[in-house]
Amino acid sequence: MKKILFAGNWKMNPVSADDARGLFKDYVSLAKRFGGKSGVKIFLAAFPPMPFLGLLADTKRPRNLFLGAQDVFFEKEGAFTGFVSPIQLLGLGASHVILGHSERRALGETSATIARKIKTALQAGLVPIVCVGEKERNHSGEFWHELRVQLEESFKGVPKQLVSKVIIAYEPVWAVGEKSKGAVSPKEIPETALFIRKILSHMYGGKIARALNIIYGGSVFPANAAEIISSGDISGFLVGRAGLKKKEIEGILNAIS
Ligand code: PGA
C-alpha cells in the first residue's frame, strides 16, 4: 500500500502553549480519521517549536502521528551553549528532525554543518528530513548544479549503512513561504526527484537511491496537493503555512486519500 507523509513544519508558531496544544489536538484527530482510510496509508508528523515538544509528547497520539524537531545539534552532549542534543530530543518523544531548512541555510547554516547533523541524528536513531532546493529555477539550468553541490556536501561523510533512513524534502527556496512565487509546477517534480536519486546513487549506489523517500515542500495547499502527489515519485509533503490550520490540513489529506 502506498504510504504518504504529511509533515507540518510549524516554524516559530504558535507562540502560546495553549495554542500549540490546540493545534496538536487537531493533528491527533486528523491522524485518527485519515489513518484508517483505504488505498493509501497516511502518516502525519508535527514539528512544533522546541519548547513545546515535551508538552505535546505527553498527549496521547495514534501510531501514525510522529513528533519531531525543526533542528538538532551535531554533538550528543557537552559544553555547547544553547544547543539541543539528539538524545534529548529522543527523550522528549521526538522521532524525526528537519535538517537544512532553507530558512536556516539563509541565516548561514552550511551544507557541511548539515552533514554533521545528519550523521549524528542518524547515529542517535532519529529520522532526518533533509531539505534541499534551488534558490531560483532558471532556463539556463544552473540550478541543477546548485542542487548537485548541495546534495553532495550535505551528505558528505553520512554513512551508507544509515542513509536509507533519511527522507529528502525537495523544497525549492523560491516556492517556500509567504513571499514565494507559489509551488513548483507538478511537471517538474519527477525529473527533479530522478535527479536527486541520480546524485545519491553516485554516492550510495542505485539500490539505496531508488528506495529513498522524497517528499515535496513549498506552497502546498488543498488546491494543489492532489496534482503534486500524482506527479509521481513523491511520497508526501513538508508543509508550512497550511500545516497551521485544521481546515487546510484536512483539505490536503482529503485530496490525497
Ligand atoms: P510553506 O512552507 O508551505 O509555507 O511554503 C514550507 C516549508 O517551509 O517547509
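This structure is a prediction, so every number in the text was calculated from the model and none was measured. For reference, positions follow the sequence shown, starting with 1. Any value given below was found using the heavy atoms of this structure, including those in side chains, with hydrogens, waters and symmetry copies removed. Counting starts at 1 for both ligands and their atoms, following the listed order.
Counted by atom type alone, E188 and Y170 present zero donor-acceptor pairs between their side chains at under 3.5 Å. At a cut-off of 3.5 Å, with distance as the only test, no side-chain donor of R105 or T110 sits close to an acceptor on the other residue. Side-chain contact, W174 with E134: a donor N or O sits under 3.5 Å from an acceptor N or O. Side-chain contact of R241 with S219: a donor-acceptor pair under 3.5 Å is present, judged by distance alone.
In plain terms, the two heavy atoms of S85 and V72 that are nearest each other are C-CG2, 3.7 Å.
Grouping Ile, Leu, Val, Met, Phe, Trp and Tyr by side-chain contacts under 4.5 Å, direct or through others, puts F83 with F73, F74, F80.
Contact residues for ligand 1 (protein heavy atom closer than 4.0 angstrom to any ligand atom): N9, K11, H101, E171, A175, V176, G177, G218, S219, L238, V239, G240, R241.
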